A.B. asks: 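What follows is a single structure, and I will ask about it in a moment.
We number each residue from 1, following the sequence as shown. In this text, all values refer to a predicted model and were calculated from it rather than measured experimentally. Indexing begins at 1, ligand by ligand and atom by atom, following the structure's order.
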Amino acid sequence: MTLQTKHDKDDGLMTQQRGQWGTRLGFIMAAAGSAVGLGNIWKFPYMTGENGGGAFLVIYMVCIVVFGFSLVMAELVLGRMAQKTPVAAFREIAGRRWSPVGGLAVLTAFVIDSFYVVVAGWTLAYIGFEASGALATTNSETLSATFNDLIGSPIQPILYAGAFTIACAAVVIGGVGSGIERASKLLMPVLFVLLVALVVRAVTLPGAAEGLEFFFVPDFSKVTGETLTAAIGQAFFSLSLGMAAMVTYGSYIPRERNLPADAFAVVSLDTLIAVLAGCMVLPAMFAAGLSPGDGGAGATFLVLPAVFDAMPGGALFGVAFFSLLAVAALTSAVSLLEAVVCYLFDEYGLSRAKATIGSSVALFLLAIPSSLSFGLLAGAKLFGMSFFDLLDYVTSSIALPLGGLLTALCMGWVVGPRAAQALSPAGRSAPRWAAFWLFVLRFVAPLGIGWILVQGLIG
Ligand code: PFF
């Protein structure tokens with residue numbers, strides 16, 4: 001991966017010398033690094049558990065195929081056309097009145113990052129717990145006491161979130177190109193292999209079959225307006241959509257590259273990993289005698305240690321797994337922070353170091369009440385939700401789909417045929433199916449996403 005971005009000042013004008021992805025694989029791994037993260041391994045299994053299992057999976061898949069794939073292409077192509085970060089990209093390609101869509105994306109990225117680092121902090125703590133043998137049990141009460149002690153404590157999880165934030169800031173200050181890309185190219189495949197091994201172990205645990213049935217056999221009587229918003233929000237969260245990350249990454253794709261094929265690879269990888277994580281966590285929950293909605297945001301942390309404990313060399317697996325999960329979270333969190341930093345740089349001319357440090361301090365401050373909402377502030381509810389859940393709900397279920405809807409309208413109606421043309425490598429005509437893609441962006445996505453948003457709001 002030879003991605004480099006260098007920013008120079010000439011004649012008082014800010015100009016950017018942009019880098020480009022060195023290889024096709026490099027881009028796919030970096031975009032997949034942003035997409036694959038806690039959303040797949042931590043959030044997807046418990047959302048599926050809480051929202052009716054198989055029916056949620058089916059709706060999620062429909063959201064990915066109908067809206068997700070079209071929007072990943074739309075964001076990437078916008079970035080490639082503009083060669084700019086989101087606010088400037090919307091402004092230059094679609095006109096000034098669309099730049100607030102980029103602004104919404106950056107704000108959403110910032111808020112998501114603030115609660116993302118809290119969960120990423122838990123993964124750091126779990127590396128230590130696995131190494132020290134504190135989790136060497138299959139007793140679900142002991143495991144849930146360990147988890148609840150951690151997240152409910154006033155200091156420890158905040159320190160872990162702080163450590164994670166510092167790691168992210170260090171990467172972003174240094175530039176995304178060097179270490180992180182090379183590391184994720186190497187480590188993501190390792191995470192994948194480990195995931196497959198854990199799925200094999202989980203599905204062969206006694207009682208696991210019921211979990212698979214829950215995951216794969218849909219029962220549509222459980223579907224409500226909330227299931228729909230949860231599924232679309234999760235699809236967008238998982239694909240890093242509606243948050244400017246894909247626009248930024250698209251801006252580094254060279255003109256000669258076949259963009260739709262790359263987008264397809266990223267979407268497929270992300271979905272495959274979410275489904276594998278479901279096959280790991282849900283059967284393990286049934287095997288442990290838990291019901292799928294139990295544990296909420298803690299589900300993954302509650303059942304995986306028991307799966308490790310039931311394997312030879314379990315602690316080693318545990319340390320490796322949580323370390324790789326932390327790396328997956330880091331590659332995602334870096335893309336969130338990068339979106340905010342690039343915005344501050346491009347729009348206000350702040351230096352990379354100042355922008356990174358300033359935004360990291362601000363997001364850490366916002367992470368504190370999120371973390372405390374599992375302990376000291378657990379009783380404080382806003383709109384019936386804890387602070388953490390509220391931020392998650394407002395960003396995932398409202399801001400992301402809304403950002404996606406506006407992006408679809410903008411790319412479908414305003415940019416239109418120019419966007420279709422830009423899907424192809426330079427000098428070639430638009431792909432034949434581009435008319436269908438535009439139809440989805442103009443009608444299917446806005447109406448579908450709009451309908452889902454309304455369903456969610458009226459319950
Ligand atoms: N897609 C990441 C995940 O599933 O964990 C989270 C994320 C990263 C969302 C980057 C948005 C983003 F811009």
A.B. asks: Considering only heavy atoms of G39, which atoms of ligand 1 have at least one such atom less than 4.0 Å away?
C.D. replies: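 Listed by number with element: 3 (C), 4 (O), 5 (O).
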A.B. asks: Quick one: look up the protein heavy atom nearest atom 13 (F) of ligand 1 and list residue, atom name and how far away it is.
C.D. replies: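 Sorting protein heavy atoms by distance from atom 13 (F) of ligand 1 puts A245 CB, 3.1 Å first.
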A.B. asks: Find out whether F147 and Y126 are in side-chain contact, i.e. whether some heavy atom of one side chain is under 4.5 Å from a heavy atom of the other.
C.D. replies: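 Yes - at least one pair of side-chain heavy atoms lies under 4.5 Å apart.
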A.B. asks: Say whether T224 and T227, considering side chains only, have a donor N or O and an acceptor N or O under 3.5 Å apart.
C.D. replies: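 A donor-acceptor contact under 3.5 Å links the two side chains.
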A.B. asks: Would you kindly say whether K43 and T300 are connected by a side-chain donor-acceptor distance under 3.5 Å?
C.D. replies: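 Their side chains do not contain a donor-acceptor pair, so the 3.5 Å distance test is not met.
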A.B. asks: Using heavy atoms and a 4.0 Å limit, tell me yes or no: is A109 in contact with ligand 1?
C.D. replies: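 Under 4.0 Å: no for A109.
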A.B. asks: Hey, is ligand 1 close enough to F237 that some N/O pair sits below 3.5 Å?
C.D. replies: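 Min N/O separation from ligand 1 is below 3.5 Å for F237.
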A.B. asks: Is it true that K222 and E50 have a side-chain N and a carboxylate O under 4.0 angstrom from each other?
C.D. replies: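 Salt bridge: no.
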A.B. asks: May I ask you to say whether R80 pairs ionically with E75, meaning some side-chain N is under 4.0 Å from a carboxylate O?
C.D. replies: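 Salt bridge absent between R80 and E75.
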A.B. asks: Could you tell me, atom by atom, which parts of ligand 1 come under 4.0 Å of a heavy atom of S34?
C.D. replies: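 Selected atoms, number and element: 1 (N), 2 (C), 8 (C), 10 (C).
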A.B. asks: Quick one: nearest non-hydrogen protein atom to atom 7 (C) of ligand 1, plus distance?
C.D. replies: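 Heavy-atom neighbour on the protein nearest atom 7 (C) of ligand 1: S240 OG, 3.7 Å.
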A.B. asks: For ligand 1, which atoms have a heavy atom of A35 less than 4.0 angstrom away?
C.D. replies: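 In order of numbering, the contacting atoms are 1 (N), 2 (C), 3 (C), 4 (O).
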A.B. asks: For the ring-ring contact (aromatic ring centres under 6.0 Å, His included) test, which of Y46, W122, F374 pairs with F301?
C.D. replies: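 Output: one option passes, namely W122.
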A.B. asks: Any chance you could measure D270, atom CG, to S238, atom OG, to the nearest 0.5 Å?
C.D. replies: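 If I round to the nearest 0.5 Å, the distance is 3.5 Å.
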A.B. asks: Which atoms of ligand 1 sit under 4.0 Å from any heavy atom of L38?
C.D. replies: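 Taking each heavy atom of L38 in turn, ligand 1 has 5 (O) under 4.0 Å.
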A.B. asks: Which protein heavy atom lies closest to atom 5 (O) of ligand 1, and at what distance to 0.1 Å?
C.D. replies: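 Answer, as residue, atom name and distance: Y116 OH, 2.5 Å.
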A.B. asks: Within the 4.0 Å heavy-atom shell around N40, which atoms of ligand 1 are there?
C.D. replies: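 Under 4.0 Å from N40, ligand 1 has these atoms: 4 (O).
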A.B. asks: Please state which protein non-hydrogen atom is closest to atom 11 (C) of ligand 1 and give its distance, to 0.1 Å?
C.D. replies: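 Atom 11 (C) of ligand 1 sits closest to the protein heavy atom M243 CE, 2.9 Å.
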A.B. asks: Is there a side chain to side chain donor-acceptor pair (under 3.5 Å) between S240 and S34 once you walk through the steps?
C.D. replies: CA-CA 7 Å; S240 304; S34 164; 3.0 Å; yes
A.B. asks: Would the F387 and F115 ring centres measure less than 6.0 Å apart?
C.D. replies: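 So the answer is no for these two rings.
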A.B. asks: Can you pull out the closest protein heavy atom to atom 12 (C) of ligand 1? Residue, atom name and distance to 0.1 Å, please.
C.D. replies: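 Going atom by atom, the protein heavy atom closest to atom 12 (C) of ligand 1 ends up being L336 CD2, 3.4 Å.
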A.B. asks: Give the numbers and elements of all ligand 1 atoms closer than 4.0 Å to a heavy atom of S238.
C.D. replies: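 Those atoms are 1 (N), 4 (O).
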